[in-house]
Amino acid sequence: MHGSAEVAAPLFLSIGVLLLFAWGFGELARRFNQPAVLGEIIAGLILGPTVFGYLSPDMLHWLFPAEGHTASMIEGITSVSIALFLLVAGMEVEFAAIIKARRIAAITGIGGLLVPFGLGFAGAYAFPEQFGATEGHYNAIFALFIATAMSISALPVIARTLMDLNLYRSELGMITIAAAVLNDLIGWLVFAVILALFGIGHTGASGIAATLIMTIAFSVVMLTVGRRLIDKGLTWVQAYLSWPAGTLGFVLVVTFLSAAAAEAIGIHAIFGSFLAGVALGDSKHLSEHTRKTITQLVSFVFAPLFFASIGLKVNITANFDLMLTIIIIAIAFAGKILGSGITARLSGMSNRESVAIGVALNARGAMEIILALLALQMGIINERLFVSLLVMALATSLFCGPVVKRVLNLKPGKLFVSYLSDKYFLSSIVSRTPFEVIGEMSGLFARTGLDIEMIKETLIEREKLMPTGLSNGLAVPHARIKGLKQPLIAVGISKGGINFDSSDGTPAHIILTILVPENGNELLLNLFAEIAKTFNQPDASSLLVDSKNFAQFLSSLKVLTENVRTH
């Protein structure tokens, strides 16, 4: 018992201190409107060799030993933490968005992958020492890693940015998310292969080929047959086991088994947990409540532990290389913004939207940090390059939101309520499905002389790509219509509510159908963002559903919009 206490007490002390600092600095970062991961990494730097180790090396070694039982157990906990973080990241991937994505999303995603990949590979292959390759690894594997590091995006950061700007379910948001999903799936597949190549390079071509085939086969099985089996498994669990414990247990079992399978075929466990997250997140039987429970558990316990632990492994001041950092940041910005931006522009997006998509996809965030840390642990890169990649990941994430907002010129224009008219008001929707509602709402535009069937089909096609249900009982079907001269907004109220697959899981009681001219991209974004922000107020849904007629509805809505403008 005494021996157990000697092992357990230091472990719990180390974990407790690490979590306390990570939680505290994460909250501090949020207060300054910065991502929590920034504060969590700073906490680790303070507790690690950068600050605490400089002030008191002996105390650092006592609290966070570099070897021994405590070090091994902390490493085990952080390994579980990173697997769970990738589970949550995978759950945020809307796999259906790739399947349904239009040509523009696919081209933008591939362009945003290939251009930075090519720039990164060429630079690292030609100048490996300048890029910080570890001695003896000035080869194609190192260049492949740099290429992947330059091309990967952080889907959670991108999604959060679009949500903060109230553009998540807009057309631009849909294209950006679909491109990021495609980008990340390919990027993580390539990185899994890199880790496998690095680990088995000595086994020859046959061993490499076998691992490549198994990696691709594992990915395909998880995203096809595995996805369907997991969906059926969730149905069985919810029918016969206790809730929510049964569902949570099932999710963790799938995650750890998938991680184990990934390790067994020679790739890293986190790729398995990421694929498990994608498969689980695609299931309609995984409730919003369960998703939030898992996300909160990981975000407030496991993720802070992992990101704070990074600072324990590296000394920033001793390994910071200004020139290398500038090169890495320059390639990251140029490759992603040019690659995604140019392909988006060639696909028909406006100049502002194309640049905004490139800037959004440029966010690297936690995904880049995880990739860099694994490469450091595998010996693919040295600490000097790791620090530069860490700085780049934080810089691209911090720039994302403010720059996208500036590029899109999101600022108050004509109040959206000024486009409303009693001619386009439906006080009682009788339809029960989203597509039926769209058809019923489209009929309100008959007096404009436009082709109603064309409007209906365009709105439905947009709805199929990504649902337009927002929070607080609101849905905003929208489309750009050829031949339309001025924006039109129709309003429909459903007493029973319609399932538009909203972000908070509530049925839509208010449906605002927006039509803008074919070239009205920026106008549509501003209208969409203003409507989403207006209805994000807690009392929006209950206040407006009680409206008996258009005059009462408009009066209530004007109060809400003015509150948003003044605050």
Side-chain angles (χ1 to χ4, degrees), residues 79-100 154-156 158-160 168 177-178 180-189 192 215 217-265 267-303 306 366-367 370 466-467 501-505:
S79 296
V80 172
S81 298
I82 192 175
L84 292 176
F85 183 84
L86 265 294
L87 161 70
V88 171
M91 285 170 59
E92 294 199 30
V93 170
E94 294 196 36
F95 189 69
I98 301 178
I99 300 173
K100 298 177 181 178
L155 184 60
I158 296 168
R160 183 76 261 168
Y168 183 71
I177 291 296
V181 169
L182 183 64
N183 195 312
D184 272 11
L185 281 176
I186 297 175
W188 280 100
L189 175 61
T215 300
F218 176 59
S219 303
V220 172
V221 169
M222 280 296 295
L223 297 177
T224 53
V225 178
R227 192 160 54 96
R228 290 192 286 271
L229 289 175
I230 287 171
D231 186 60
K232 290 181 179 179
L234 277 170
T235 306
W236 184 89
V237 166
Q238 291 172 352
Y240 296 103
L241 299 183
S242 59
W243 186 90
T247 304
L248 290 172
F250 179 80
V251 168
L252 292 177
V253 167
V254 169
T255 301
F256 292 139
L257 289 179
S258 181
E263 283 284 355
I265 64 176
I267 54 179
H268 201 281
I270 63 162
F271 185 67
S273 61
F274 178 72
L275 289 180
V278 175
L280 284 160
D282 194 56
S283 175
K284 297 294 184 183
H285 296 104
L286 190 66
S287 69
E288 189 66 25
H289 180 271
T290 304
R291 292 172 189 263
K292 286 183 178 179
T293 301
I294 296 170
T295 301
Q296 288 173 350
L297 175 66
V298 173
S299 298
F300 291 100
V301 179
F302 292 101
F306 167 71
M367 309 303 280
I370 291 171
M466 179 180 282
D501 195 15
S502 65
S503 56
D504 62 356

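What you see is a predicted model, and the numbers here were worked out from it, not measured in a lab. Basis for what follows: all heavy atoms, side chains included, without hydrogens, waters or symmetry-related copies.
Every residue two or more places apart in sequence or in another chain was checked for a side-chain hydrogen bond (donor to acceptor under 3.5 Å, both in side chains) with Thr247, and none qualifies. In this structure, the side-chain contact (heavy atoms from CB on, under 4.5 Å) partners of Thr293, at least two apart in sequence or on a different chain, are Leu248, His289. With sequence neighbours excluded, no residue satisfies side-chain hydrogen bond (donor to acceptor under 3.5 Å, both in side chains) with Ser299. Taking Phe85 as the reference, Phe307 meet the ring-ring contact (aromatic ring centres under 6.0 Å, His included) condition, with sequence neighbours excluded. Looking at residues two or more places apart in sequence or on another chain, you find a side-chain contact (heavy atoms from CB on, under 4.5 Å) between Gln296 and Phe300.
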Which donor-acceptor pairs under 3.5 Å do the side chains of residues 217-224 make with protein atoms, sequence neighbours left out?
unit_1	atom_1	unit_2	atom_2	d
Ser219	OG	Thr215	O	2.9
Thr224	OG1	Val220	O	2.5

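To the nearest 0.5 Å, atoms CG (Leu257) and CG (Leu252) are separated by 10.5 Å.
At a threshold of 4.5 Å between non-hydrogen side-chain atoms, the residues Phe271 and Leu86 do not count as touching. Within the 4.5 Å cutoff, the side chain of Phe274 has no heavy atoms near those of the Leu87 side chain. In this structure, Phe256 and Leu84 have side chains that are in contact, with non-hydrogen atoms separated by less than 4.5 Å.
Judged purely by atom type and a 3.5 angstrom limit, Ser283 has no side-chain atom pairing as donor or acceptor with the backbone of Ala279. A donor-acceptor contact shorter than 3.5 Å is absent between the side chain of Thr295 and the backbone of Lys292.
Considering all non-hydrogen atoms of both residues, Thr255 and Ala83 come closest at CG2-O, 4.5 Å.
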Item to complete: Determine, step by step, whether Val298 and Phe306 satisfy the side-chain contact (heavy atoms from CB on, under 4.5 Å) criterion, reporting the C-alpha distance in whole Å, the side-chain angles of both residues, the deciding distance to 0.1 Å, and the verdict.
Response: CA-CA 10 Å; Val298 173; Phe306 167 71; over 6 Å; no
Practice prompt. Begin from the C-alpha positions of Ile82 and Phe302 and carry the test side-chain contact (heavy atoms from CB on, under 4.5 Å) through to its verdict.
Written response: CA-CA 8 Å; Ile82 192 175; Phe302 292 101; over 6 Å; no
Worksheet item: Which is it for Arg227 and Leu280 under the side-chain contact (heavy atoms from CB on, under 4.5 Å) test, yes or no, and what are the steps along the way?
Response: CA-CA 7 Å; Arg227 192 160 54 96; Leu280 284 160; over 6 Å; no
